[in-house]
Amino acid sequence: MADVLEITPQAAEAVETQQTTDGFHLVIDALKLNDIDTIFGLVGIPITDLARLAQAEGMRFIGFRHEQHAGNAAAIAGYMTKKPGICLTVSAPGFLNGLTALANATTNCFPMILISGSSEREIVDLQQGDYEEMDQLNAAKPYAKAAYRVLHAEDIGIGVARAIRAAVSGRPGGVYLDLPAKLLAQTIDAVKAQQSLIRVIDAAPAQFPGPESVKRALDVLKGAKRPLILLGKGAAYAQADAEIRALVEKTGIPYLPMSMAKGLLPDTHAQSASAARSFVLAEADVVLLIGARLNWLLSHGKGKTWGAPKKFIQVDISPTEIDSNVAIAAPVIGDIGSCVTALLGGIDANFPKPPAEWTNAITERKNKNLAKMAATLDKNPSPMNFHSALRAIRDVLKERPDINVVNEGANTLDYARSIIDMYQPRKRFDSGTWGIMGIGMGFAIGAAVTSGTQVVAIEGDSAFGFSGMELETICRYDLPVCTIVFNNNGVYRGTDVNPTGGKDVAPTVFVKNARYDKMIEAFGGIGYHATTPEELTKALQEAIASGKPTLINAVIDEAAGTESGRLTNLNPQSAAMKK
Ligand code: ADP
């Protein structure tokens, strides 16, 4: 239901002075009316004035060098706040650049709205060849949760309201809003305009699970001999931190966080089974999934990874997620806050605790694996490798659990995910559901702008390359972002050679001994060059203390790193070539 708007003082004044307004103003008014205060984007025809006006009207406009990164910033802002992040782009190519981020947001269930200017419908539909002509609405549809176009200024309020609702209600996702140039320039009576705006009420309503589904889930859980809770980023997004912690602690069930759910409970929590991941996935008999999908990241819930037959309980807001990979014995459909609260209602002092045989076996595995990992981390090879560099970073970040961590790469992602502990919810942002590269600087900027606090981006040198030019954006807005580039001279590593002996280097190889730290200096930021864990520690401590835009070029052994990180199984061709 929408608010019935009173005539505002501005509208009353407009009546007196017979004022008109236009599409530009109405878009800004509609966003502001819904408490949206930041736009991430890149200006050009036809939206430059929209950006100028947003700033003039008190919104923040954060301008990027490429739309994909503006879109990623918007998406991560949406994930952090449960409000849709807004990305603004020009038509055709700018829109397409932003579309990658929109698709990634939809895939990851992050709420965002991509707003793009577009060419005139009459010309696009007759394919008469307009400036940057493209049927953007239809191009966006397969990659967005919803897509809308507004043709009349008096519909802008409705267009924005529909976009907000679609982005945050149910399973969150990316929404496309198409604004043709002509619409933005349309004038309309100011009073009529004010009355056409909608303040969205209860955009993401609570969705309560059916009592029978809760009972069924509790019954399955009660029967478990080797139960496991698996927390996904949906659980982190839901901001039901206290309820989730209570469920884990009251049941005493061991839990595993997916990468972006790390920190929902501190990684050092006694019930965390992260260090015995393979063991618990294979051995558990009942798995309670909370906001996590059984996709490729969880081997689709079957095969060797999952070992012994098991029953799944799945808590999710999307009913069609259920049975998507394997049969789910007990689906619990609703928002995570409501579902976990309902489950907690059935857990009293008599609820069976997981057998000691199970929890002891996990502790034993954990201790063994942790000791093995500690030995690896304690080594000090020269040159520095992934482990010794990450040990240095881990120890600095332990002192600052409030810091936002962005992480991408192949080996840099795989190793950092298990070595860098997280202590607070929604502080880790990474390659996510697609496992993509290129989110780094966009997520870092989005997280810094949204939180106003320090970000440390741990980047593989290849991954960093996708968004490196946004260092200028970081410097321009003087953001507290420290980027650490794990520089091993190439994709995966820097030692491949061209088998023909020809002049071109191997496909995976970069310029040797590149100085990424010099890049940030070009824009007034502070660069560091670190070749040992000690230098890396000192640089990171200084960088964080400065609160300035900084970049550490961390030189890693170019022979360190495995092909495709841990995804060798997804790269059969390469494995075959190596034989
Ligand atoms: P991960 O990659 O961490 O395993 P996924 O992105 O695969 O996490 O899963 C997130 C799941 O959480 C999605 O299935 C989504 O529908 C669900 N989800 C997102 N927000 C909520 C919410 N507020 N309540 C319930 N489920 C949610």
Side-chain angles (χ1 to χ4, degrees), residues 75-76 78-84 103-112 145 165-174 202-210 213-214 217 228-244 247 255-265 267 274 277 281 287-301 305-306 312-326 328 331-343 407-408 413 417 422 425-436 439 443:
I76 213 63
Y79 171 73
M80 293 168 80
T81 61
K82 294 179 99 175
K83 280 199 304 196
N104 188 52
T106 305
T107 303
N108 280 280
C109 314
F110 300 156
M112 78 170 272
K145 189 178 164 196
R165 272 192 195 285
V168 297
S169 63
R171 170 183 278 180
D202 200 10
Q207 285 180 233
F208 299 101
S213 73
V214 175
L228 174 70
I229 295 176
L230 220 156
L231 303 171
K233 60 180 165 320
Y237 173 80
Q239 297 192 16
D241 309 338
E243 292 86 341
I244 289 169
L247 183 75
Y255 75 95
L256 268 187
M258 296 299 287
S259 68
M260 281 180 60
K262 276 164 69 73
L264 194 44
L265 288 93
D267 277 337
S274 288
R277 190 173 195 275
L281 287 181
V287 179
L288 167 55
L289 298 159
I290 306 182
R293 287 171 283 185
L294 287 172
N295 54 21
W296 70 281
L297 287 162
L298 285 169
S299 308
H300 304 282
T305 309
W306 290 89
F312 288 101
I313 304 166
Q314 185 161 25
V315 176
D316 205 290
I317 202 150
S318 169
T320 53
E321 184 57 38
I322 306 306
D323 301 334
S324 56
N325 284 276
V326 293
I328 302 296
V332 184
I333 303 303
D335 72 273
I336 284 168
S338 304
C339 293
V340 172
T341 303
L343 289 170
N407 187 202
E408 62 174 338
L413 177 74
R417 187 175 43 220
M422 302 303 298
R426 296 170 295 282
K427 295 283 183 187
R428 187 187 152 87
F429 315 109
D430 66 26
S431 304
T433 304
W434 264 345
I436 52 158
I439 48 84
F443 277 10

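Just so you know, ligand 1 is whichever comes first in the structure, and atom 1 is the first atom listed for that ligand. It should be emphasised that the depicted structure is a prediction, and the values quoted were computed from it without experimental measurement. Quick note: residue numbers are just sequence positions, from 1.
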Q. Do any N or O atoms from the side chain of Lys145 and from the backbone of Pro111 form a donor-acceptor pair under 3.5 angstrom?
A. no

Below 3.5 Å, N or O to N or O, backbone or side chain included: is there any such pair between [X] and ligand 1?
X: Gly291; result: yes
X: Arg293; result: yes
X: Asp316; result: yes
X: Tyr237; result: no
X: Asn108; result: no
X: Gly232; result: no

Q: Using the six-membered ring wherever Trp is involved, compare the ring planes of Tyr79 and Phe110 and label them parallel, tilted or perpendicular (cut-offs 30° and 60°).
A: tilted

(Q) Just to verify, what does Lys262 make a side chain to side chain donor-acceptor pair (under 3.5 Å) with, not counting sequence neighbours? (A) Asp267

(Q) Asn104: which residues meet the side chain to side chain donor-acceptor pair (under 3.5 Å) condition with it, sequence neighbours left out? (A) Asn108

Q. Going by heavy atoms, is Gly334 under 4.0 Å from ligand 1?
A. yes

Q | Distance-only polar pair, side chains of Arg417 and Asn407, donor-acceptor under 3.5 Å | A | no

Of all the non-hydrogen atoms in the protein, which one sits nearest to [atom], and at what distance?
atom: atom 22 (C) of ligand 1; answer: Ile336 N, 4.0 Å
atom: atom 23 (N) of ligand 1; answer: Ala238 CB, 3.8 Å
atom: atom 3 (O) of ligand 1; answer: Lys233 N, 2.7 Å

Q | side-chain contact (heavy atoms from CB on, under 4.5 Å), paired with Leu298, selected from Val287, Leu230, Leu256 | A | Leu230

Q: Please name the pair of heavy atoms, one in Ala240 and one in Gly337, separated by the smallest distance, quoted to 0.1 Å.
A: CB-CA, 3.7 Å

Q. Considering only heavy atoms of Asn295, which atoms of ligand 1 have at least one such atom less than 4.0 Å away?
A. 7 (O)

